[in-house]
Each structure stands twice: as structure tokens, then as C-alpha cells.
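Small disclaimer: the values here were computed from a predicted structure and weren't measured. Every chain is numbered from 1 and lettered A, B, ... according to where its sequence line falls, protein lines coming before strand lines.
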Amino acid sequence: MRPPSLKHLLLAAGILIAAGQALAQATPEYRAKAGFLYNFIAFTEWPDKVSGPLSLCVYGADPFGEELNVLRGKSVNGRSLAIRSVNNPAQAKDCQVVFVAGSAIDSLPRILDALQGEPVLTVADSKGALDSGVGINMLVRQSKIAFEVNLIATRRAQLNVSSKLLRLASEVRQ
Amino acid sequence: MSKLPSASGPAPYRNRPGGRVRLAPVLLCLPLLAAPAIAAAQVVDVTQMSLEQLLDVTIIGASKYEQRQDAVAAAVSVITRDEIKAFGWRTVSEILASLPGIYTTYDRQYTYLGTRGFGLPGDFNTRILLAVNGNRVNEVVYDSASFDRVLPVDIDLIERIEFIPGPGGAVYGQNALFGVVNVVTRSGAGVDGTELAGSYQIPQSARQGRATWGKTLDNGLDVLVSATAYKSDGEDLFFEFPGATEAPHFYANESGVAYGMDGEEDKELFTSLARGPWSFDLSYGDRRKDDPTATYLSEPLVSGQYQRDRYLVTQLQYQDSYADETLHLLARLFLGRHRYTGQFSYGTPYSYKGFSDWQGVEVRLLSTTWAGHKLMIGMEYQDNSRRDQSNEDQIDPANNLLIAGSGWRLGVYAQDELALSETLTATLGLRFDSNDVTDNEWSPRAALIWKASPNTTVKGLYGRAHRAPNAYEADFEDAVSQVANPSLEGESIDTLELVIDQRVRRNLNVRASLYHWNMRGLVTLGTDPLSGLSQYQSGEDIEANGVELSADTTWDWGGRLRGSLSYQDVAYASGAGLDNSPRFLGKLNLSGPLAATGLRFGYELQYTSERQAIDGSDLDGYWLSNLQLSSYTWVRGLEVSLGLYNLFDTRYEHPGADINWQNALEQDGRSARLKLSYRF
């Protein structure tokens, strides 16, 4: 059998990509998720002992790319937002919000263990993360984003989640 | 990763037909196709949007990030960076050795991986596919994968390792007979700054330094650059070289201490770039291991004998989703180079060399357009533009030998994941492979996955994989020790497996896996009836049955325990047992915080039962313990760790191969490594 010419294969690949680009007009998933994160923070109250800027930390390989930059330095309820990435559970304690990326979701039990009793809002976007004890979990349903809230987890973290957030959540566990 | 000794003789020169394609110009053009789309991305300030608006937004997926599309139909294991740090693993082989059914063999040159009872001495990891970020690392002369420091990626740069046991031939083609190992590297965003790391290990005086910089730039470009240097003096061990003083060798020594001949040097460079749907990575490594064993029956106790591997693997990937996230595209261009040098002495200096050049393209489409189906189709073309082997006699060039070759591989595959009911899923896959070496082959895969209850999943799996003989097996001929076998057939493996996953409690998962595999046409060293010389031939069939039991639990205090027990019964069709095939393997990995000290510990215990050496004797089974203590909290950004390897200084041996004088090779005793890593 004669192998196909590499040039033809590359051409085919190029055409596929170009065709795909034309279709890609909706909002990128993680741009929308960045918006959700901002709103989650806006509708959450931390205990009084937590003061100063709010640190939003991404645990694991950052899926947001540049999308989180919009939030950098933004003010929420009078407090400015800092964005960091963390790679071990011990570092996560210094954050007010920890987003556990899908790439690190296997580490979730250890992260939650490390954060036990700490006033930290944990957010994930992986199936089953709510069962594992994450505070808020985002899901994609029919190309739209939905979120579910685990009130047991947020209460343990001494966080007050606004009723508006709970009303719009697709599921509230309590 | 080389060949048998030779002394003289004419070099048969054969060149297989195969087209060479210049990739570089095409590689440069491809990004241009997507440039307009990147420029057109509209800027929306999502912080100005209300929750209600956001809930109504239609999104497209960031498919770039982790599709485990093919991972479902197997008993996949994932090891993350956290765990790698907790146990202080130094090589990929140490990481994988913590998994059920895996054992390693070290001949003081390379580390070989045994899987499910298969680890024949002299097999250069040809039956496992190793990939870095989905990019094949097995080179094209010896087909070998590298799980030691030959792998050009520093352990500290690994985000996670995925191991898919069993035949992966239906998607991955060549080499994926016993499993697929995918090493996923960290991103610039994950490093986010500068990292400096240094370590020192006694008694080998092994020192390692690493500098890494990573960040996502304001323009969205994710960058990671890293360099590593490693140097070890090794140990001065006593070796025997039975038969070395007799005919036909007549060397001076039959035993002695190999002073200063166990050193190792390694340099690695890694870089990755990613922006939007594009990603690029490049790994380069140059590793040299001195040889105290006089491999390839060379002259005992002569210093300056070594084996060196230089590696370059790189790829450009494009991943995106279209049509409401129902269509995912992955397209990649890849390129690899490998240079092997074995420098030996046979009274006079002599070297063996291997030259691998390969490049190609892969395109994969995943569609969820049709309800209840997850359809994947793909094709892969690899141009093996150079697979040369040479022998060089440094005193008398008349004895030089060059066996040049080139070739190609093409694979086309399709897989469908069908939802049969709420609880029942089936996976059907088929790959067609064509190459310049063997007949065309079909590799099917079928799986049934039954979610019997919310806590129980049962998987029934069948798969077949093929391997075409590599250039060394088919082409090498020196008229003195080995003759080529141009009509050598490929080998194939069929595997049946039953996997039961059970969640016992919230924090306790157990898994049982029962398997049967049989290998046909094993490519193995035999004797050519005409010349009486060694020749790779299709050997006896092998049958195996095994069971792997594993459990994983976490506790509220932050501890985690995972353990496994494996039993593997492997035999040739004649009933004879296989060399280097332990019946029992046990693994225990316990990690967690040490209350009140701010320290974390990782303790590892491994049992390997006796293994048969190539002279038919049994090498004792052994228990190994490793302990790692780490602190992340003393100084901000500083990680300090102390690793104790072979904690109880157990003496144990691994089987040698027919290229070794020794029937068994002693392993390292207790060693201690202090490691500091600072991030800022």
C-alpha cells in the first residue's frame, strides 16, 4: 500500500481547522465561568475576621488562560480581588476562594481536608465534585452553564451564601 | 537499547522505500490558518453581567483541557503531582511501580518496566507506549520507551501521569500491547513565577539542579521554560563476569570492584507554549550512564564504557470545539529524534549507534452530535525517515558497519461510545494499521460498562494490539553474531478483562480486575538454521491469567492509603515459565500530615516475589520501603524534603539478560536525598 502524501493530509487538517474557526462564535466556556466566579464572590459573605483583599486561587492546571485577567484588581463589595495559582493544599489556606481545576480534581479530597474549618469558598467544575464536598460546582448543560451549591460545605467554612445565589442554583444540598 | 557485539565483516546495506517529506515549511504555515480567528475574538467584560444573563449564555468548550475520551474502557490510573511530591519519586519508573501489576528491572544501565507478568530480560520497553502530552516517545530503531532519566522530562514538571493498562492498539497502534503511559506536563500558569530546585543524594553523590520559569503573559500566551542538570558518581560495586577469561574472550578479569564506573549524567530542556487552541511543547534530553557491568559481553572492569541517549520530541497541537461543543478537533504535527551511542571495549574501543528520525501528523475528531453516541475518528501518519544502525571500530574502520533504513506507518481508527441504557454503555473501536514492515493489521476493542448501582461499576473489556518488529529485530545483521530476518512477522496480543469498581464508603474505593492475555508470534531471539547465528524470529505463544485487587481510602485527618495485590500466572504454550515474571506483587502507599509538626510524610512499601533468571535459577523475592518527609510551611515558597530510599537497606537483585555477563544484578542499598525547592 502506498502511503498518502503528508502534504494532502496537512491540507485536509488545515481545512478542517479553518472551517471550525468559522463556527466558533459563542462565548468561550471559561470566559463565562470567570463571570460566574465573580458573581459567586459577590454573593458570598466571609466572616469578619477575614479582611483585606480577596485571593482567588486556581488549583491545578489553569483552564482559564487569559479569561481571569478581567477579574484581576476588580473590586467586590469594597474589597479588591487578587488572582493566584496554587499547587499544594497547604498553600490553599491563604486563599478566600479556591477553584479546583478539572486537571487536579483527583486532589480534591486532600484539598478539602487541608481546608477543613477554614473560611474558604471552594469551587469546581467537575461532575460529582458536589458529592465530594465542594462548595459550588459548575456544570455544562446543553451548552449553558449551571451551578449547584453545597450548603453543608459553605456553612462549615463559616460562609454566608446569599439567597439569590441559592435561588438560581440548579441544586442546593443542605 | 542496542545490539549484540560484533567484530568484523561486510556491512549489508539495505534501504527500504519510503518517502521523505520536508515538514518544517508546512509546520510554519499551519498557525497562520487560525490567525484571523484569534484576532477576531470579541472582548466582553463578564464582570458586568448578572447571574441571570450568565446562565443564559451559550458557551463553546475549552476542549484543550483534558478529554479522557478513550479512558473509559479501561482500569485507568492517574497519579498527580501532589502524590509525586508526597513520595519523592525520582523517575517515571518509580511512579509507575506504585501501581498494581507493575514491576521494574534495572541492569545499572536502563530501567525496564514489567507489566502483568511480562518483562522478558532484553526487552527494551517495546511493548508499552509512552507519550508526553499525547506525543509518542518510543523511537523507531529499537522501539523503546524510556522510564528512567532517558525520558527528557524532569519529574518536577509533571502535572500528572495517566496509565491505561491493557491493549491500547485500537486507538494508539504500534507498541500499545500492555499499556499506554501518558505524561502530562505543567503549564506556565501552574508555575506562575520562577522555581529553583536542588537536591543531593548519598551515597551516590547524586546532585541535581533545576531552574523553571512559567507564566501566562498579558497577551494570553502561556509560557514554560525549564532546564535540568543531573550528575551522579554512582556506587563502587563488586561484579562477577563468569566466562570472561575463557575462550573466545580471554579477558583479564573474571571479577572485581568496578571503581568509578557507575556514574550518570543527564541534561534536560523543556519548553511549552500555549495560546487559545494552540499548544506547542519541546523536550530535549542528553543522558549518559557509565557501565560497570560490561554490557554486550564487553571487556570487564574497563572504565570509559557507557551508553548515551539523546532525545528530542516536539509537537504542535491544535484543539478546539465547534457546533455547540458537539464536535471536538485535535490536530497535531509531531517530530522526534533519537541518537543512541554505546561505547564499549573489546580489547579495542568499539561503538554501536542508532539513529531515529521521525515526524508526522495526527488528526482526531470527536463528535457528540448524535444522542447516545460519542463518536471518535482519527488518522495518524508517521514518516520514519531515518532508522539507521551502525557499528564503528575505532581502531580499524574497515570493520565499520552501517545498516540504513527508513519507512512509514499509517493508522486509521474509529471508536463509538454508545449509551445503551441509563446504566449500560458500550465502547466499540477499530484501528487499521499499515506500514512498510509487516502486513496490514486490524486492532479491535470492545467494552461493556454497567453502572450496576450508584456505588458499583462493572466493566467487561476485550482488546487486541499489534507490534511490527523494529529495525533492530528485522534488519540488524553483522555476519558475526546476528543475521537479519526480512520476513519477520509482527506479534499480537489479545486481552480479556473484567473490572469491578466498588465504592464501599464515602472515602473508600476498591477495585478488582481479572484478566487473561495471550500473545502470538512473540518476536524473540532464536537461531538461524542456515548460518547458526542469532536471529530474531517468531517465538512461542504466551498465555497469562491474573488478578489485581486494589483499594484507595482517605481519612478526615488528611491521610491517604492506597494499596494493591496482584497475582500473575504467565507461561509459554509449552508450559515453561517466563523469565523475570514475579507471581506476586504488593504495593502500599500511605501519605498524610504529621500532626503538629507541619510536616507531611509519604511511606511506600513494595513486595516483589521471586523471579526466574535466564539461567533458570530463582532470584529471591524482596520487600522494599521508601520514606519521604516534606515541609511546605517553614519559609513561604520553600519546600524542603528528605527522602530515604530502600529504608531498611535490603539487598536484592534483578535478573540480567543475554547481553549481560551477570545472571543477576545487585540493586542500590539505602540512599538518602535532601531536596530544596524555592518558588518566587
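Note that CG of Leu168(A) is 6.0 Å distant from CG of Leu55(B), once rounded to the nearest 0.5 Å. Annotation: the span from Asp222(B) atom CG to Asp62(A) atom CG amounts to 8.0 Å, rounded to 0.5 Å. To the nearest 0.5 Å, atom CG of residue Leu51(B) and atom CG of residue Asn39(A) are 4.0 Å apart. For the atom pair Tyr38(A) OH and Gln48(B) CD, the distance stands at 7.0 Å (nearest 0.5 Å). A distance of 11.5 Å separates CG in Leu108(A) from OG1 in Thr80(B), rounded to the nearest 0.5 Å.
Annotation for Arg156(A): atom CZ does not count as buried by contact number, only 12 or fewer foreign heavy atoms lying within 6.0 Å.
No part of Arg409(B) comes within reach of chain A, as not one of its non-hydrogen atoms sits under 4.5 angstrom from that chain. Of the atoms belonging to Asn219(B), it is backbone heavy atoms, and not side-chain ones, that fall under 4.5 Å from chain A. With a threshold of 4.5 angstrom between heavy atoms, Ala146(A) approaches chain B through N, CA, C or O but not through any side-chain atom. Contacts between Glu639(B) and chain A at a heavy-atom distance below 4.5 Å involve the side chain alone, from C-beta outward. Contacts of Gln116(A) with chain B are made by side-chain atoms alone, with heavy-atom separations under 4.5 Å and no backbone atom involved.
Checked for salt-bridge contact, Glu52(B) and Lys164(A) meet the test: a charged N lies under 4.0 Å from a carboxylate O.
When each of Gly60(A), Ala42(A), Ser107(A), Ala104(A) is checked for heavy-atom pairs under 4.5 Å with chain B, Ser107(A) comes out on top.
For the pair Thr554(B)/Arg110(A), no side-chain contact is recorded, criterion being any heavy-atom separation below 4.5 Å from C-beta on.
Contact detail for Pro89(A) and Asp82(B): the closest heavy-atom pair is CD-OD2, 4.1 Å.
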